[in-house]
Amino acid sequence: MMAATPLEHRPLGNTGLKLSCVGFGASPLGNVFGVVSESDAIATVRRAFSLGINFFDTSPYYGATLSEKMLGKALKALGVPRNEYIVSTKCGRYKEGFDFSAERVTRSIDESLERLQLDYVDILQCHDIEFGSLDQIVTETIPALLKLKEAGKVKFIGITGLPLGIFSYVLDRVPPGTVDVILSYCHYGINDSTLEDLLPYLKSKGVGIISASPLAMGLLTESGPPEWHPAPPELKAACQAAAAYCKEKGKNVSKLAMQYSLSNKDISTILVGMNSVKQVDENVAAAIELATVGKDEKTLSEIEGILKPVKNQIWPSGIQQS
């Protein structure tokens, strides 16, 4: 079923790319949150593409390379021209640990392209750079990625991580136009909207903005976060209370959280992990409803009230399941 209202596509910085406002996070295809069969992975990606999602994000770190392999198979199964979808993968973070050396990231793209069964990726991002040396990112990693750009293996270059300060640190030290994209996660949702403060700066640098994890890695869901979630107990409790409040009112906290994050047009895409046709349908429906009906301001302000005491609370980065 094609949606009557098409999914909105938004420009990504100065790249010339237009990304679907809902992006497909492929980490769940690496069995990070439970096992996904190959046929389910293919069906999920097919459904996403048929509903207008054109942006797919992965990393060699997700499921120790399994996410890339599954996404590669699923994209190939679509049987559509390569320019109809946009693929982003990452480098520098692996099952074995972090390595942002020029030699490793150069080898990394060839390995990723083989797994993805592609000739190039649209975006290659340095993954979770706060765990490396930011100076190495500036002086060694990014220059190596620029060579990959010249070689045609990647079209655009990005950086990702949790603490927001890493972005300006790098962007202030590289020539304008060197870094095309940033991916920030868990900083543009109902419980934490601190990315907002950085948007004017990023726009002034011509950098495209991807915001991931609108559900705060499971905090803003009815089922709650995985046990490894690094949020402090009071934040977990407040999110649980918000979810329960929504359920009582016949609303879904995840849908509201998704719509909150989608409302800011300065953010090109909201990247959310998906591992089933049902999740794809729900996320696209949330975006279409937002575009046609608008968001449920009343319930949203009530949830914001519940979360106010814990808003913008930081947690330690890097406690992620591999």
Side-chain angles (χ1 to χ4, degrees), residues 7-25 54-55 57 86 88 90 122-130 134 137-138 142 156-217 219-220 256-272 283 286-287 290-291 294-295 297 300-301 303-304 307-308 310-315 317:
L7 194 61
E8 183 191 356
H9 287 64
R10 300 176 182 172
L12 180 68
N14 294 338
T15 63
L17 297 174
K18 284 197 149 178
L19 271 51
S20 48
C21 63
V22 176
F24 188 104
N54 71 344
F55 177 57
D57 174 88
I86 294 161
S88 159
K90 309 188 182 80
D122 299 275
I123 306 167
L124 181 61
Q125 316 192 63
C126 304
H127 195 178
D128 290 341
I129 61 173
E130 68 267 27
L134 295 182
I137 300 289
V138 169
I142 289 172
F156 301 104
I157 292 169
I159 50 179
T160 86
L162 185 65
L164 292 172
I166 60 176
F167 299 120
S168 50
Y169 186 93
V170 171
L171 290 168
D172 285 345
R173 287 165 178 78
V174 296
T178 309
V179 171
D180 304 292
V181 184
I182 67 109
L183 187 160
S184 160
Y185 69 96
C186 293
H187 286 307
Y188 199 79
I190 308 177
N191 62 300
D192 182 331
S193 55
T194 45
L195 177 62
E196 202 154 18
D197 301 336
L198 205 58
L199 295 177
Y201 166 84
L202 292 167
K203 285 175 80 176
S204 76
K205 295 274 188 186
V207 171
I209 301 153
I210 297 168
S211 178
S213 208
L215 311 183
M217 296 180 353
L219 283 176
L220 298 168
L256 290 162
M258 188 72 190
Q259 291 179 331
Y260 177 94
S261 298
L262 283 165
S263 301
N264 193 321
K265 305 269 180 143
D266 287 335
I267 296 169
S268 300
T269 188
I270 300 297
L271 194 54
V272 60
N283 288 316
L290 179 67
K295 56 184 190 285
E297 301 282 3
L300 263 173
S301 68
I303 309 174
E304 285 185 276
L307 295 176
K308 199 170 183 193
V310 294
K311 191 158 167 81
N312 300 339
Q313 242 188 21
I314 55 171
W315 63 62
S317 65

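Fair warning: this is a prediction, and the values are worked out from it, not measured in the lab.
Contact between A286 and M258 at its shortest, heavy atoms only, is CB-CG, 4.3 Å. For the residue pair Y185 and S213, the shortest heavy atom distance occurs at CB-CB, 4.3 Å. Taking both residues in full, the closest heavy atoms of G158 and I123 are given as N-CG2, 4.4 Å, listed atom of the first, atom of the second, then distance. Nearest heavy-atom pair, S168 versus R173, reported as atom, atom and distance to 0.1 Å: O-NH1, 4.5 Å. C21 and L262 get closest at one heavy-atom pair: O-CD2, 3.3 Å. Annotation for I190 and A257: closest pair CD1-CA, 3.6 Å, computed over non-hydrogen atoms.
Taking 4.5 Å as the limit, some side-chain heavy atom of L171 sits within range of a side-chain heavy atom of Y201. Using a 4.5 Å cut-off on side-chain heavy atoms (C-beta onward), N191 and Q313 make no contact. Side-chain contact between I157 and T178 is absent, with no heavy-atom pair separated by less than 4.5 Å. Residues I142 and I137 meet the side-chain proximity criterion, which asks for heavy atoms closer than 4.5 Å. With a 4.5 Å cut-off on side-chain heavy atoms, I210 and F55 count as touching. Looking at heavy atoms from C-beta onward, V181 lies in side-chain contact with L12 at the 4.5 angstrom threshold.
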(message) I'd like to know whether S193 forms a side-chain contact (heavy atoms from CB on, under 4.5 Å) with K311, so could you lay out the CA-CA distance, the side-chain angles of the two residues, the decisive distance to 0.1 Å, and finally the verdict.
(response) CA-CA 8 Å; S193 55; K311 191 158 167 81; 3.1 Å; yes
(message) Working note: K18 + I86, criterion side-chain contact (heavy atoms from CB on, under 4.5 Å); need CA distance, chi angles, decisive distance, verdict.
(response) CA-CA 9 Å; K18 284 197 149 178; I86 294 161; 6.0 Å; no
(request) Give the C-alpha distance, both sets of side-chain angles, the deciding distance and a yes or no for side-chain contact (heavy atoms from CB on, under 4.5 Å) between L7 and N54. (result) CA-CA 10 Å; L7 194 61; N54 71 344; over 6 Å; no
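A donor-acceptor pair under 3.5 Å is absent between the side-chain atoms of E130 and the main chain of I166, judged by distance alone. Listed for the H127 side chain is no donor-acceptor partner under 3.5 Å among the backbone atoms of Q125. A donor-acceptor pair under 3.5 Å links the side-chain atoms of S261 to the main chain of Y188, judged by distance alone. Between the S184 side chain and the S211 main chain, no donor and acceptor come within less than 3.5 Å of each other. For D266 (side chain) and I209 (main-chain N/O), no donor-acceptor pair under 3.5 Å exists by modelled atom type. Between the side chain of R10 and the backbone N or O of I267 there is at least one donor-acceptor pair closer than 3.5 Å. Put simply, the side chain of S268 gets close to the backbone of P11: a donor and an acceptor are under 3.5 Å apart.
Each of D57, T160, D128 was evaluated against K90; a single residue qualifies, D57, per the side chain to side chain donor-acceptor pair (under 3.5 Å) test. When the options N312, D197, T194 are evaluated for a side chain to side chain donor-acceptor pair (under 3.5 Å) with H187, the one that passes is T194.
Other residues, nucleotides and ligands contribute more than 12 heavy atoms inside 6.0 Å of the CG atom of L164. When the shell of 6.0 Å around NZ of K203 is examined, it contains 12 or fewer heavy atoms from other residues, nucleotides or ligands.
L290 contributes atom CG, which lies 8.5 Å from atom CD of E8 (distance to the nearest 0.5 angstrom). To the nearest 0.5 Å, atom CG of residue L199 and atom NZ of residue K265 are 14.5 Å apart. The distance from atom CD1 of I129 to atom OH of Y169, rounded to the nearest 0.5 Å, is 10.5 Å. Note that CD1 of I314 is 9.5 Å distant from CG of D192, once rounded to the nearest 0.5 Å. Rounding to the nearest 0.5 Å places SG of C186 at 11.5 Å from CG of L195. In this structure, the separation between CG on L162 and CE on M217 is 7.5 Å, given to the nearest 0.5 Å.
Listed by chain and number, the residues in a salt bridge (Lys or Arg N to Asp or Glu O under 4.0 Å) with K308 amount to none (sequence neighbours excluded).
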